[in-house]
Amino acid sequence: MSPRVKGVLIVLATAGLACLFGFLYSTGSSDLRSQDIQPLDFSHEMHAGHLKIECMFCHRHAAESTTAGIPTVSLCMGCHQSIEPATPDMGRLAGYWRDQKPIEWVRLQRLPDFVYFTHAMHLKAGLQCGDCHGRVATMRQTPRAPSFEMGWCLSCHSQRGASRDCWTCHK
Amino acid sequence: MNFNRRTFLKGIALTTAGSLLPGCEREVHRLVPYLLPDDEIVPGVANWYASVCRECDAGCGIIVRVMEGRAKKIEGNPSHPLNGGKLCARGQAGLQNLYNPDRLRSPLRREGPRGEGRFTAITWEEGMSLWVKHLRDNRKHVAMISAPISGTLAEVVAGFLERIAGRLLLYDPSGQAAVSRANRHTFGLDHLPFYDLANADYLLSFGAPFLEHWLSPVFFGRAFGHFRQGRPGVRGRFIQVEPRLSLTAASADRWIPVRPGTEGLVALGIALVMLREGWTRGDIHRRKLVPWLNAYRVEDIAAASDVAQDDLTTMAREFSHAAAPLAIGGGMASAHTNGSRTLAAINALNLLAGNLDKPGGLRVAEPPAFPTTTASPPSATERDLVELAAQFKAGRYTVLQLYRSNPLFTVPASTGIRTMFEQAPFIVSFSSFLDESTAMADLILPDHSPLESWGDSPQIGLIPEQAVGLAQPVVDPLYDTRSVGDVFLHAAHQLDEHGDHALPGVEFVDLLRSNWKTFLGKGATADGSEAAWVRALQAGGSWTTPAKRASFPRQDLGPPYRSAGFAGDANEYPFYFYPFPSLSLSRGEGANLPWLQELPDTLTTAVWGSWVELNPATADRLGLKSGELVRVTSPHGHVEAPLVVSPGIRPDLVAVPMGQGHDVYGRYAARRGVNPVAILAPMFDEDSGVLAAAATRVRIEGTGKPGKLVLMEQIQDGRDAELLTIRKIRKA
């Protein structure tokens, strides 16, 4: 192999490595949407859309806490124990309850830890869940919400005349 | 290493490969909901529970932030009268006691020879039946060494040992027994008085490290703030008399580097000047004091203590002319063979100044009337433990029980304490960690962490309020442990062959609640209702200010002063040895908590290790350099540690901090630094029996090897400063 070809190969290999490296880091290294596979095929369209269950019936801590909360398995079973399992996933839900095991959902909505956010405050300000989370009632599978980036927060804060002080969210 | 182009390229390749590794990891964020909802838990919202800090014996009130059933942060309870919302580093580090990876997680039984440290996990049923079997076979031959306990737990443990005719020793390694002894002589008090530092305007402290670890550093820290800055136009003046500049001395207006063991003599010198100049208040004490002081002359005292006559006169004048003077003594000043008498001499200064029962002086702190049926014994000292070891040797006792107490670490080996652990036929420990003493146990029945258990803490002395702290579990137990109160109650039940239920077969929490019901149902604001109990739980206890303050039962002088004795020939061992308790690790209890290990020592900025402190003049004379590994040798052994040259120490002193040098006690404590207690001579305070930790002489020599010590900052070694020499101290 001539030195020239060898040199070109090294440059190409390095460039390829740099591209791979950059790609992994630009996508948050491992935080890929392809991983958003839930343990159960839960449908917001069915529960919030078709059955018209209020968001706060399941996410019951939204009005009093920073986090909205995920329903306990016992809450799911409150209804499901009197419903004949129509899908394999409904059967699996009953299995979780029978084994007394919690369901490990994949977290879709995330904020960096340098952001202070509270659900309670936003509900108090009169926002509806869908204002940030989209029309989940029409969604068969729940995707990630719009990326919660600072510009997106600030546009709403300025429209509504909410505080735009740095310390409001970064404290 | 030959660093050529090839090595460089290899390095680059490795670094690139390493930086790609995170890409391989599939990081998925999970949301795991509860199976069943917990009514008391709202995810994301903290619950604060009030409890009592049990990291030292002061008993500060704490509030603990708990989220989703996990304790996250400990703060001071703002309404507790002792600490008023403040908390020290040790209290903050209490969380690491709970989550410590080295906690004992289940009952253990020894395997192999004693002391080898091999244990197997057993069930509680096996553990309890093994212990109860030994109790049944050895009635009247059981001795228990415990950390100071109070309230309902003391009632259970003391009551249990009384029933089986055993002996309970509440051993407090901090040497507070000398303070109690002197106070009993002088004031007829069985508990601590209230040192009204906040309202004093002149403080004369003889070695009391009240800003570091003495009695309750949080209480004194608050009072000191008020003493200095809390009153418009008044700034209290503070003199610290001690051989080494501690953090407390560094906060003083003046540090008097006294010769070790002569602190009481300095107090007598000040008393003599006060008498000579007619600066005393209270005639009765004057008459009593004259024969007490007959043997002394101010000149001799100045010569013996290295405190100039002028300084004695200045201190006497300032002390007697202050509006609210206060003299306190303790710490290493009482760790001498004459410890209690030194403290009695310091108490005499208070009598002469007439500051008893006055604001800013010494006042009686009436303990609360907490209903415990069995009185706990007074504090046991190192001498008591050595006597106990002799009784084990003679076969008087056969079962040794240990609770939160580590005599193998805090009592010098020269006392022969180890024979007790080697010869005791059966040793059972209730400790949460495998410390040196627990490692010798045959059976370990581990206690809950304080944050997992019930308890109460009547405040005996120190504050004017009558306060009882109430400790509640703030989290569910993490491991298969049981609270020591319950373990004793269950054992009592199993031993109760005749069915005469002296200790009711109830749970510890029931006994505690019934004590509280009785306590809350008494007194001016009597309310024994359920609501009152809930209020006490929410507040973290109950406290009231007594309408009328009691006065001192007695005002006397106690036995006359005696000079201190030292072990070791002055020619062979030319230096005084000064092992001082560490601010964060205390006497070793805190060494297994990484937060405390990484807390820099305030004066040297050292972390995670031991060091030897020496004056620059002495280091120069001996040709020793800062950072060098030096050997300190006493008649009873030697320790090696890096040298820290510091101007804040007398030239005839070698100081080593206590707390490090554990053989076991978990991954953070073991094999780190040295334990200065290991080379101490078997010397005790003659009256109280407290270990005379400052009564050993040593010599020091270089090893030629470099020492390893992490200093957060390069400290000023004093070479540029004016050096302190014995001649200068005498001339001053």
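Any value given below was found using the heavy atoms of this structure, including those in side chains, with hydrogens, waters and symmetry copies removed. Just so it is clear: chains get the letters A, B, ... in the order the sequence lines come, proteins before strands, and each one is counted from 1.
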Margin query: In the structure I gave you, are the side-chain heavy atoms of B/L35 and A/W97 within less than 4.5 Å of one another anywhere?
Written below: yes

Checklist line | Flag side-chain contact, heavy atom, 4.5 Å: B/P37 against A/S74 | finding: yes

Quick check on [X]: does its [atom1] atom have over 12 non-hydrogen neighbours (other residues, nucleotides or ligands) under 6.0 Å away?
X      : atom1 : value
A/D131 : CG    : yes
A/M121 : CE    : no
B/K73  : NZ    : yes
A/Q141 : CD    : no
B/R70  : CZ    : no
A/E54  : CD    : no
A/Q128 : CD    : no
B/E598 : CD    : yes

Closest non-hydrogen atom pair between [X] and [Y], with its separation:
X     : Y      : result
A/E64 : B/V45  : O-CG2, 3.3 Å
B/R30 : A/E104 : NH1-O, 3.5 Å
B/P33 : A/P102 : O-CB, 3.4 Å

Next item on the list: Check each atom of B/I12 against the heavy atoms of chain A and say whether the ones under 4.5 Å are side chain, backbone, both or neither.
Entry: neither

Check: chain B contacts: which residues in residues 154-171 of chain A have a non-hydrogen atom closer than 4.5 Å to it?
Finding: none

